[in-house]
Participant: 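Sending over a structure as structure tokens; questions will come in a sec.
Order of listing sets the numbers, starting from 1, for every ligand and every atom in it.
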Amino acid sequence: MASSIQLFGITIHAVDMTTAVQTVAEWCAKPNGSGCQYVVTPNVDHAVMFQSNAELRQAYCGAGLVLADGFPVVVASRLLHKALPERVAGSDLVPALFDWAAKRSETASADAKPLRVFLLGAAPGVADRAAQAIHQRWAGVQVVGTLAPPLGFEKDETQNEQILQAIAHAKPDVVLVGLGAPKQELWVHRHAPRLSAKAALCVGATIDFLAGEKKRSPRWMQRLGLEWFHRLTTDPSRLAKRYLRDAWIFPQLVWREWRGC
Ligand code: UDP
């Protein structure tokens with residue numbers, strides 16, 4: 001198992017992108033029926049929610065891989081002398097995993113199977129567009145199903161059952177779960193024992209990014225740790241209140257950790 005650090009009460013795996021991809025690839029190499037492991041990707045907002053949301057803490061406990069998505073989380077780890085190797089954002093992990101699958105399909109024998117992927121989440125039609133974009137860009141990745149459940153689906157047992165059956169029918173290796181936090185983490189934690197996949201990745205807006213529905217910040221902004229600012233300017237009505245709260249609480253978490261409280 002990968003080494004880990006404790007930050008704000010969260011166990012975060014101290015891995016780089018290459019190791020994260022390898023780990024998910026190893027899960028995918030297991031035989032069907034070996035169970036579904038899942039990935040969560042803490043950012044500042046998760047760290048803040050984590051303090052007051054017991055269900056989210058449980059969901060994190062069940063994760064096979066906890067990757068530092070937020071640049072401020074990585075910076076805090078360095079300030080607090082628990083340095084994480086690098087930021088491993090969910091939206092970067094997915095293309096990196098697909099690159100790995102494409103390379104595998106190039107180098108492996110002709111009967112090598114593609115990586116089977118199911119897309120769960122985003123607005124109606126978006127996952128289908130993401131599927132088209134994936135097929136165009138990555139040979140070796142096959143989208144075997146998409147679903148955009150309506151708002152509030154998670155409270156409806158019939159709908160949850162239908163989703164689990166659709167996934168079981170499609171037999172994916174990986175389910176990309178883009179339902180926003182903490183919904184995606186709680187849903188995956190609750191249903192992982194019955195998820196017919198080898199890996200589930202809780203990856204927020206990644207399906208939107210793959211479809212071209214939302215644009216990620218330019219690389220230079222990502223490198224300077226300003227992706228949050230780009231998101232804020234593109235979706236201010238949804239994010240302003242959240243970011244204000246996080247900007248108030250997160251420094252307090254860093255301070256508490258610094259003082260060893
Ligand atoms: N979403 C969804 N169903 C829901 C709530 C959200 O499919 O019930 C999708 C939404 O369409 C978008 C993604 O979840 O594609 C939100 O991801 P983001 O990372 O922006 O969410 P956050 O965690 O920042 O709230």
Side-chain angles (χ1 to χ4, degrees), residues 10 38-53 55-56 59-60 63 66-73 87-95 117-134 143 145-160 162-164 166-167 175-191 200-217 221-222 226-247 249-250:
I10 308 175
Y38 62 89
V39 178
V40 297
T41 61
N43 58 19
V44 168
D45 194 47
H46 290 213
V48 169
M49 283 191 285
F50 191 91
Q51 310 307 312
S52 57
N53 188 331
E55 278 186 283
L56 183 62
Y60 261 66
V66 181
L67 303 172
D69 184 298
F71 186 73
V73 173
R87 180 180 179 221
V88 188
S91 302
D92 293 321
L93 174 67
V94 171
V117 178
F118 192 101
L119 308 179
L120 176 64
V126 174
D128 292 330
R129 289 203 293 283
Q132 281 174 17
I134 291 168
V143 178
T146 65
L147 258 184
L151 279 181
F153 79 93
E154 70 279 6
K155 298 183 203 105
D156 181 333
E157 286 319 314
T158 311
Q159 293 206 44
N160 286 320
Q162 283 167 355
I163 294 169
L164 291 171
I167 294 172
V175 185
L176 301 190
V177 187
L179 300 169
K183 191 182 289 187
Q184 58 200 10
E185 289 80 10
L186 302 191
W187 192 88
V188 167
H189 174 61
R190 184 167 165 221
H191 297 289
L201 315 185
C202 299
V203 287
T206 300
I207 298 171
D208 296 292
F209 295 139
L210 289 166
E213 186 72 13
K214 289 183 188 167
K215 290 263 173 290
R216 280 192 80 181
S217 65
M221 283 185 105
Q222 291 177 35
L226 292 173
E227 191 157 26
W228 65 272
F229 181 71
H230 176 84
R231 290 199 72 189
L232 180 61
T233 54
T234 49
D235 198 357
S237 54
R238 188 169 77 96
L239 296 177
K241 202 167 140 210
R242 178 199 295 186
Y243 281 14
L244 265 176
R245 180 200 61 183
D246 291 352
I249 296 180
F250 188 68

Participant: Under the side-chain contact (heavy atoms from CB on, under 4.5 Å) test, which residues partner D45, sequence neighbours left out?
Facilitator: N43, M49, R242, R245, D246

Participant: If you measure every N/O of A181 against every N/O of ligand 1, is any gap under 3.5 Å?
Facilitator: yes

Participant: Answer yes or no: is there a side-chain heavy-atom contact under 4.5 Å between W228 and F71?
Facilitator: no

Participant: Any nitrogen or oxygen of F153, side chain or backbone, less than 3.5 Å from one on ligand 1?
Facilitator: no

Participant: Tell me whether G178 has any N or O atom under 3.5 angstrom from an N or O of ligand 1.
Facilitator: yes

Participant: Give the residue and atom name of whichever protein heavy atom lies nearest to atom 25 (O) of ligand 1, and the separation in Å to one decimal.
Facilitator: R242 NH2, 2.7 Å

Participant: Quick one: look at E185 and ligand 1, take heavy-atom pairs under 4.0 Å, and tell me if it's side chain, backbone, both or neither.
Facilitator: neither

Participant: Heavy-atom contacts under 4.0 Å between K183 and ligand 1: side chain, backbone, both, or neither?
Facilitator: side chain

Participant: What I'd like to find out is whether the side chain of P42 reaches to under 4.5 Å of the side chain of Y60, using heavy atoms alone.
Facilitator: yes

Participant: Mind listing the closest non-hydrogen atom pair of L119 and A131 along with its distance?
Facilitator: CD1-N, 4.0 Å

Participant: If you define the side chain from C-beta out and look only at heavy atoms, does anything of S217 sit under 4.5 Å from L226?
Facilitator: no

Participant: Any N/O of L239 closer than 3.5 Å to an N/O of ligand 1?
Facilitator: no

Participant: I want to check something: taking the side chain as every heavy atom from C-beta on, are F153 and L179 in contact at a cut-off of under 4.5 Å?
Facilitator: yes

Participant: Could you find the nearest protein heavy atom to atom 7 (O) of ligand 1 and give me its residue, atom name and distance?
Facilitator: A122 N, 2.8 Å

Participant: Please confirm whether I207 comes under 4.0 Å of ligand 1, counting heavy atoms of the residue only.
Facilitator: no

Participant: In the protein, what heavy atom is nearest to atom 21 (O) of ligand 1, and what distance, to one decimal place, separates them?
Facilitator: G180 CA, 3.4 Å

Participant: Evaluate L201 against L93 for side chain to side chain contact (heavy atoms under 4.5 Å, CB included), listing each step before the verdict.
Facilitator: CA-CA 9 Å; L201 315 185; L93 174 67; 4.2 Å; yes

Participant: Any atoms of ligand 1 less than 4.0 Å from a non-hydrogen atom of G121? List them with their elements.
Facilitator: 7 (O)

Participant: Restricting to non-hydrogen atoms, name the atom on G121 and the atom on I207 that form the minimum distance, rounded to 0.1 Å.
Facilitator: O-CD1, 4.1 Å

Participant: List ligand 1 atoms under 4.0 Å from A123, heavy atoms only on the residue side.
Facilitator: 11 (O)

Participant: Which bit of R231 gets closer than 4.0 Å to ligand 1, counting heavy atoms only: side chain, backbone, both or neither?
Facilitator: side chain

Participant: Is there a side-chain contact between H46 and E185, using heavy atoms and a 4.5 Å cut-off?
Facilitator: yes

Participant: Donor-acceptor check, side chain of H230 to backbone of K215, threshold 3.5 angstrom: yes or no?
Facilitator: yes

Participant: Which residue and non-hydrogen atom of the protein lie closest to atom 12 (C) of ligand 1, and at what distance in Å?
Facilitator: D208 OD2, 3.3 Å

Participant: Considering the heavy atoms of G204, write down every atom of ligand 1 situated less than 4.0 Å from one of them.
Facilitator: 13 (C), 17 (O), 19 (O)

Participant: Considering non-hydrogen atoms of the protein only, which is the closest contact for atom 6 (C) of ligand 1, and what is the distance?
Facilitator: L179 O, 3.1 Å

Participant: Over all heavy atoms of both residues, which pair between A47 and I10 is shortest? Give the atoms and the distance, please.
Facilitator: CA-CD1, 3.9 Å

Participant: Please state which part of R238 comes within less than 4.0 Å of ligand 1, counting heavy atoms only: side chain, backbone, both or neither.
Facilitator: side chain

